[in-house]
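Have a look at the structure below, then the notes.
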Amino acid sequence: MSKMSPAKIRSVKPKKKCCRSSKRCTKCPVVLHRLRKEHAEDMSAKQFAKALKKARAA
């Protein structure tokens with residue numbers, strides 16, 4: 001499981017610059033934007049883990 005939880009998604013401060021690596025980090029602004037777009041704060045922990053995996057992979 002990741003260190004980030006659905007409740008913390010709103011308070012996480014993104015990094016200044018996108019890393020653009022093959023598997024993006026959890027504080028990457030692109031990943032946080034994708035999660036907020038999917039309303040990740042309303043998801044269960046299991047759904048959030050899947051959404052986070054998908055957001056980091058793309």
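Throughout, residue positions are numbered sequentially from 1 according to the sequence presented. Since the model is a prediction, treat every value here as computed from it, not as a measurement. Computed from heavy atoms alone, side chains included, the values below leave out hydrogens, waters and symmetry copies.
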Contacts table for residues 32-41: side-chain donor-acceptor under 3.5 angstrom, sequence neighbours left out:
| from | atom 1 | to | atom 2 | distance (Å) |
| --- | --- | --- | --- | --- |
| R34 | NH1 | A55 | O | 2.8 |
| R34 | NH1 | A58 | O | 3.3 |
| R36 | NH2 | I9 | O | 3.3 |
| E41 | OE2 | R10 | NH2 | 3.3 |

Checklist line | From K27 atom NZ to K15 atom NZ, the distance as rounded to the nearest 0.5 Å | finding: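 Taking NZ in K27 and NZ in K15, the distance rounds to 9.0 Å.
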
If the condition is side chain to side chain contact (heavy atoms under 4.5 Å, CB included), which residues does [X] pass it with, not counting sequence neighbours?
| X | result |
| --- | --- |
| S44 | K46, Q47 |
| K50 | none |
| C18 | R20, R24, C28, V30 |

